[in-house]
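Residue indices begin at 1 and follow the sequence shown. None of the values given here were measured: they were computed from a predicted structure. We count ligands from 1, going down the list as the structure has it; atoms in each ligand are counted the same way. As a basis for the values below, the full set of heavy atoms in this structure was taken, side chains included, without hydrogen atoms, waters or symmetry mates.
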Amino acid sequence: MAGPGLRRRAVTNQALANLFREIADMLDILGEDPFRALSYARASRAIEGLTEDVAGLVAAGRLSEIPGIGSALADKIREFVETGAVGFHGELRARLPSGLLDLLSIRGLGPKKVRVLWQDLGIADVETLRQAVTSRRLRRLKGFGEKTEANLLRAIELRAEGESRALLWDARAVVARVLDHLRTHSPVERAEAAGSFRRGRETVGDVDILAIAKDRAAVSRAFVSMPGVREVVAAGETKATVLLEYADYVDERPRTVQVDLRILEARSWGAGLQYFTGSKDHNVHLRGIAQSMGLKLNEYGVFRGEEPVAGETEEGVYAALGLPWIPPEMREDEGEIDLAREGALPKPLKGSDVKGDIHVHTDATDGTEPLEAMVDAARRRGYAYVGISDHSVSATVAFGLTADRALARRDPVREINARSPGLTVLLGTECDILDGGAMDYPDEALREFDFVLASVHSKFTLPRKEMTARLVAAVENPHVDVLGHPTTRLIGRRDPIDVDLAEVFAACSRAGTAVEVNGYPNRMDLDGRLAREAKKAGCRLVLDTDSHASAELDAMALAVATARRAWLTPDDIVNAWPLERVREFFG
Ligand code: DGT
Ligand code: CA
Ligand code: CA
Ligand code: ZN
């Protein structure tokens, strides 16, 4: 599992960039010298874009190579590298109410607006802001209006959703930490994660861990004394609950997630795993089936009267109900039980069915590692091919490439392919879909790439009709092979665009354009339900990671979980095919 630890260099630079960004914001909120704020904001961006460790630059006395870093800022950087903090940052922080900076995490609020809210209405945290919005007190302020109020309310709700659930990617890291701790520091005989995590939901409310052990008290003790436990909510012999600290992968903010541990009897392991995996609706349906067979189903087993019929294994529990084992990702009571009874469950996709990843960024645009490093990482995963898809020119925030510069990479790609058999590098592009549905590169350029991934990165608020026409036009372009992250939602941050996906899927199906399941931690776009719709509409799908660093190639596991939630089979998925068939599909 890739965690922040695997990209240490980026973390240190990112932490300093975040700190400078916060200094700039605080200077603006306090209404101090705007030029000073600007220089911190610039420095923050410069540090974020560095490909070298800032600590290394300090050690080598090379700070002056960073553009826009004068001697005052250089002092602050050295202070940060030496002490892990910047005193000036603390001084500013002390001048502001403690919850005020949280307002900046609400979409649509920048430092200037936060200053007005604070100075004119005394709003200093998210809750008071919510109250002010619902009692319509903001619309009287200069620069705010009814529309702003409505947008802010939605942004506050989104943030609350994001705060209350952990990303599946972060939950994976938490589960790995917990299981590893229990296995190395307690006499646990068996331990697995259940709940929404095991079902592969894109976010999880809490993490459910199940265990078997003879010495239960020892396991429970080890659990509540794990590193990172912020609070012990309950500590019993069969059940314990803690709040565990972790850092959100995407914004690196410190967060907590609840973790439940239940210690089961070996004879109930399968029944407990089945019960605590859920979903609740799936379980209710199963209990109905059990009753109709004169059986009782609960977390301890399947019983006829007092007589246990099954419970030790999950397979046994399903078999006792006349069913084959159902993959956890399908357990949402959306028809899977009937299919299972008919023996018609789709064969679930395995991670090893995936033969390549074709949404990968490099440091030529907004990735953090060079082409060679990303290719090596793909090779280590055993892929047959990897598609490089850096941004097109319109994506200026992502350092988009001109068509010439993007196509100039044909030579290094050819060279890598010539000297390394086994893995084939495909040169693609993640080309922006412009407002009207035209592509950011001309057709003459698009036809030169091995594949074209078309994505929306701007103008997210077009009205539904225009947005639908925009996407339909893009997927109908004969050079476009894949529609990237079709809804553009960012979990906890940006709602999906308003678009008639049925119409877009129909167009993809007609045009032979595949649809992406993007596994990037806060995208998960399409989700399982929409990916199933796409399949029903006759579309092929592509499972991608949108990696910006080699450790993020692990996000393929999230795309695979989503594909299983969508009941997809290898034949539906372009990058589960051998290279020759993929090339044919891309034409
Ligand atoms: P989450 O944590 O909100 O992302 O979703 P889950 O599904 O992990 O829900 P959670 O942690 O409350 O419970 C884990 C599983 O335990 C749930 O999926 C099904 C089972 N479960 C919990 N409460 C009930 C219940 O009242 N009835 C039934 N049938 N199952 C339950
Ligand atoms: Ca849960
Ligand atoms: Ca739970
Ligand atoms: Zn993108």
Examine Arg540 relative to Phe585 and say whether NZ or CZ is less than 6.0 Å from the centre of the six-membered ring and inside a 45° cone about the ring axis.
-> no

Using 2.8 Å as a strict upper limit, say whether an N, O or S atom of His457 approaches the Zn ion (ligand 4) that closely.
-> yes

Do the rings of Tyr441 and Phe449 sit parallel, tilted or perpendicular, given the 30° and 60° boundaries?
-> parallel

Is there a donor-acceptor pair closer than 3.5 Å between any side-chain N or O of Asp390 and the backbone N or O of Thr362?
-> yes

Describe, in one word, how the ring planes of His361 and His548 are oriented to each other, choosing from parallel (under 30°), tilted (30 to 60°) and perpendicular (over 60°).
-> parallel

Is Arg172 close enough and on-axis enough to Phe197, meaning under 6.0 Å and within 45°, for cation-pi?
-> no

Would you mind naming the N, O or S atom of Glu430 nearest to the Zn ion (ligand 4)?
-> OE2

Where is the tightest heavy-atom contact between Asn575 and Leu543, given as atom of each residue plus distance?
-> ND2-O, 2.6 Å

Contact flag His485/the Zn ion (ligand 4), N/O/S atoms, threshold under 2.8 Å | yes

Around the Ca ion (ligand 2), how many protein N, O or S atoms are there at under 3.0 Å?
-> 3

For Arg565 and Gly200 the tightest heavy-atom approach is CD-O, 3.3 Å

